[in-house]
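A, B, ... follow the sequence lines: proteins, then strands. Residue 1 opens every chain. Just so it is clear, the values below take in all heavy atoms, side chains as well, and ignore hydrogens, waters and symmetry mates.
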There are 2 protein chains.
Amino acid sequence: MFSLSEENYLKAIFHLQKNSEAGVSTNALAEEMQTKASSVTDMIKKLSEKKLVIYEKYRGVYLSETGRKTALQIVRKHRLWEVFLVEKLGFSWDEVHEVAEELEHIKSEKLISELDKFLNYPKRDPHGDPIPDAKGHFQVANKTLLSNLSKGEKGTLVGVKDSSSEFLKYLDKNAIALGKTIEVLDKEDFDGSMLIQLKEKSLRISPMVSSNIYIKI
Amino acid sequence: MFSLSEENYLKAIFHLQKNSEAGVSTNALAEEMQTKASSVTDMIKKLSEKKLVIYEKYRGVYLSETGRKTALQIVRKHRLWEVFLVEKLGFSWDEVHEVAEELEHIKSEKLISELDKFLNYPKRDPHGDPIPDAKGHFQVANKTLLSNLSKGEKGTLVGVKDSSSEFLKYLDKNAIALGKTIEVLDKEDFDGSMLIQLKEKSLRISPMVSSNIYIKI
DNA sequence: GCTAGTTTTTAGACTTGCCTAAATATTTTA
DNA sequence: TAAAATATTTAGGCAAGTCTAAAAACTAGC
Ligand SMILES: [Mn+2]
Ligand SMILES: [Mn+2]
Ligand SMILES: [Mn+2]
Ligand SMILES: [Mn+2]
């Protein structure tokens with residue numbers, strides 16, 4: 001149906017589109033795709049001809065309805081494979097992204113529906129992100145960044161914004177994991193750093209950490 | 001490491017090489033790869049520069065030691081994924097080939113070693129073909145084609161030569177499956193057709209069928 | 001052993017996806 | 001609001017992998 005490159009672009013536009021109302025800029029997409037702006041322009045033209053995106057020169061790009069559906073299916077596959085890798089093959093959450101990045105492009109409806117069944121229809125991936133169903137529907141959790149909490153507030157860790165291996169390893173090292181309860185013992189006005197309480201210990205974290213952790217109060 | 005196309009060529013050469021001592025001809029490879037002879041020549045040159053094959057113009061092509069090892073790893077991945085699809089996801093043996101054809105190219109050592117473990121280190125794929133281990137070792141079964149048996153001989157079905165969906169569906173329809181005992185009740189000299197005895201019934205089969213079934217006596 | 005037929009290679013071209021450099025459009029700043 | 005800075009697009013090119021047509025090399029038949 002679509003080439004590997006086309007699929008990766010669609011997914012990238014989808015992820016960038018979430019962050020704002022405006023169209024996705026060429027440079028933002030180039031950054032995300034680790035390529036040059038001129039290459040992005042080429043690809044956008046192609047996707048536009050295929051009616052997968054809506055594009056006006058210099059005005060940024062938007063996913064069309066078809067484009068959005070396609071992107072959601074790729075996201076679905078990516079996240080289902082991540083669950084498989086962690087639940088069945090014993091990967092840790094910082095090892096799955098790269099492999100899922102390849103597996104998400106395997107073309108087989110049956111493979112994905114059977115995998116979904118085999119995994120018992122999981123609702124979230126190992127990073128707390130929602131898994132769209134076969135129709136592209138998924139529930140948006142009401143969550144907030146840990147950095148938004150004030151002293152005394154507490155909640156449950158339900159996701160991470162940054163899924164880089166480096167960040168996830170930092171969390172592992174400090175026993176910060178999905179489902180854990182976190183309470184803000186203190187928040188420093190000057191730099192936004194926090195003292196947080198985990199089950200067994202307290203810990204001081206920088207705003208770079210607290211602004212990449214999603215909490216459900 | 002290697003491109004998708006390079007990997008598919010290596011695997012094709014590997015499979016064709018099994019059938020004879022001689023080098024693999026350009027046309028045979030073109031047929032197998034569903035492409036043109038001129039494209040094959042181009043690719044062979046490339047593989048030859050990369051020392052994956054031994055190639056002399058007009059003389060056919062052979063896998064080098066490195067090429068053979070690479071091909072064996074791809075075959076290993078292909079067959080492990082086939083086992084996964086049948087054992088874990090409920091695919092039938094005639095549905096797995098195409099999907100495995102894509103899955104075999106996913107690049108991750110850990111993925112394959114963990115998958116192997118998850119599947120409990122299977123020795124054969126759903127078509128009875130041996131699965132090479134991480135070092136490329138595998139056991140060659142002593143098997144013979146059903147068409148080589150004479151009247152009165154019997155054995156166990158241990159593999160199929162043709163794994164096309166059409167042939168496998170024919171076998172399913174007639175309850176011919178891996179592990180079944182088959183006895184040759186009669187063999188027609190004129191056209192080689194056979195009357196065979198399965199557990200619950202007897203059946204007449206053409207040489208096109210009997211010459212694609214492997215038997216262990 | 002020569003020649004006709006077959007196989008293989010070469011030559012030149014196309015598509016996809018990428019690049020650099022240059023041109024053009026938009027946005028910011030003074 | 002016009003120049004300066006920034007963002008985006010265009011132009012031209014490259015590598016991989018494929019194709020068609022033509023040339024060259026093998027192989028069989030006489
Ligand atoms: Mn990807
Ligand atoms: Mn994820
Ligand atoms: Mn393949
Ligand atoms: Mn098989």
Side-chain angles (χ1 to χ4, degrees), chain A residues 1-14 16-17 19-63 67 70-71 74 101-102 104-105 107, chain B residues 1-14 16-17 19-63 67 70-71 74 101-102 104-105 107:
Chain A
M1 192 69 167
F2 303 112
S3 75
L4 189 127
S5 210
E6 287 169 342
E7 290 193 351
N8 283 334
Y9 270 94
L10 288 175
K11 192 161 63 100
I13 299 168
F14 174 81
L16 292 169
Q17 188 144 299
N19 303 331
S20 86
E21 290 293 286
V24 174
S25 79
T26 303
N27 271 353
L29 202 39
E31 162 90 44
E32 178 82 12
M33 294 294 300
Q34 310 253 63
T35 185
K36 303 292 168 177
S38 53
S39 307
V40 170
T41 302
D42 285 348
M43 180 55 88
I44 287 175
K45 280 181 184 164
K46 207 175 108 189
L47 294 175
S48 179
E49 272 158 30
K50 294 193 176 187
K51 308 282 186 197
L52 291 165
V53 302
I54 290 138
Y55 170 58
E56 262 186 284
K57 269 190 196 176
Y58 296 102
R59 286 283 115 97
V61 70
Y62 300 79
L63 287 179
T70 308
I74 304 164
E101 202 57 47
E102 290 185 53
E104 69 189 0
H105 302 289
K107 306 253 184 305
Chain B
M1 192 68 167
F2 302 111
S3 76
L4 188 125
S5 210
E6 287 169 340
E7 290 193 349
N8 284 333
Y9 270 93
L10 287 175
K11 191 160 64 99
I13 298 168
F14 175 79
L16 293 170
Q17 189 143 300
N19 304 329
S20 87
E21 290 292 286
V24 174
S25 80
T26 304
N27 271 355
L29 202 38
E31 162 89 46
E32 176 83 12
M33 293 296 298
Q34 309 253 62
T35 186
K36 304 292 170 178
S38 53
S39 308
V40 171
T41 302
D42 285 349
M43 181 55 89
I44 288 175
K45 280 182 184 165
K46 208 175 109 189
L47 294 175
S48 178
E49 271 159 31
K50 293 192 175 189
K51 308 282 186 198
L52 292 165
V53 300
I54 290 137
Y55 170 58
E56 260 186 285
K57 270 192 196 176
Y58 297 101
R59 287 278 117 98
V61 68
Y62 300 79
L63 287 178
T70 308
I74 303 163
E101 202 57 46
E102 291 185 52
E104 70 189 0
H105 303 288
K107 307 253 185 306

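Residue contacts for A:Thr41: at a heavy-atom cut-off of 4.0 Å it reaches a base atom on one of the strands shown. Residue A:Thr26 is classed as a sugar-phosphate contact, given heavy-atom separations below 4.0 Å to backbone atoms only.
Of the candidates A:Leu47, A:Ile54, A:Ile44, A:Leu52, A:Ile44 is the only one forming a side chain to side chain contact (heavy atoms under 4.5 Å, CB included) with A:Val61.
Computed from coordinates, the A:Glu56 CD to D:dA7 C1' distance equals 16 Å when rounded to whole Å. If you measure from atom OH of A:Tyr58 to atom P of D:dT6, you get 17 Å, rounded to the nearest angstrom. B:Met33 has its CE atom 10 Å from the P atom of D:dC19, to the nearest Å. Distance B:Met43 CE to D:dT18 C1': 10 Å, rounded to the nearest Å. Between A:Leu4 atom CG and C:dC18 atom C1' there is a gap of 14 Å when expressed in whole angstrom units. The CE atom of B:Met1 sits 18 Å away from the C1' atom of D:dA16 (whole-angstrom rounding). Rounded to an integer number of Å, the gap from CG of A:Leu29 to C1' of D:dA7 is 14 Å. If you take CD1 of A:Ile44 and C1' of D:dT8, they are 10 Å apart, rounded to a whole angstrom.
Here the side chains of A:Ile13 and A:Glu32 are not in contact, with every heavy-atom distance at 4.5 Å or above.
Applying the 4.0 Å criterion to OP1 and OP2 of D:dT6, one finds that A:Asn27 has every side-chain N and O outside that range.
Atom NZ of A:Lys51 is surrounded by 12 or fewer heavy atoms from other residues, nucleotides or ligands within 6.0 Å.
Taking only side-chain atoms of B:Arg59, from C-beta outward, the nucleotide of C:dC18, D:dT27, D:dT9 with the closest atom is D:dT27. Which of C:dA11, C:dT8, D:dA7 sits closest to the side chain of B:Ser38 comes down to C:dA11. Residue A:Lys36 places its side chain closer to C:dC19 than to any other of C:dC19, D:dT10, C:dT8. With distances taken from any side-chain atom of B:Ser25 to the nucleotides C:dT8, C:dT26, C:dT10, the minimum falls on C:dT8. Residue B:Tyr9 has its side chain nearest to D:dT18 when only D:dT18, D:dT8, C:dT9 are considered. Of the listed nucleotides (C:dT9, D:dC19, C:dC18), C:dT9 has the atom at the smallest distance from the side chain of B:Ala37. Of all nucleotides listed (C:dT24, C:dT8, C:dT10), C:dT10 comes nearest to the side chain of B:Lys45.
Of the inter-residue distances, the one linking B:Thr70 atom OG1 with B:Glu6 atom CD reads 10.0 Å to the nearest 0.5 angstrom. The CG atom of A:Leu4 sits 9.0 Å away from the CD atom of A:Glu101 when rounded to the nearest 0.5 Å.
For the pair A:Lys57 and A:Gln34, nearest-nucleotide mapping onto DNA chain C gives the more 5' position to A:Gln34.
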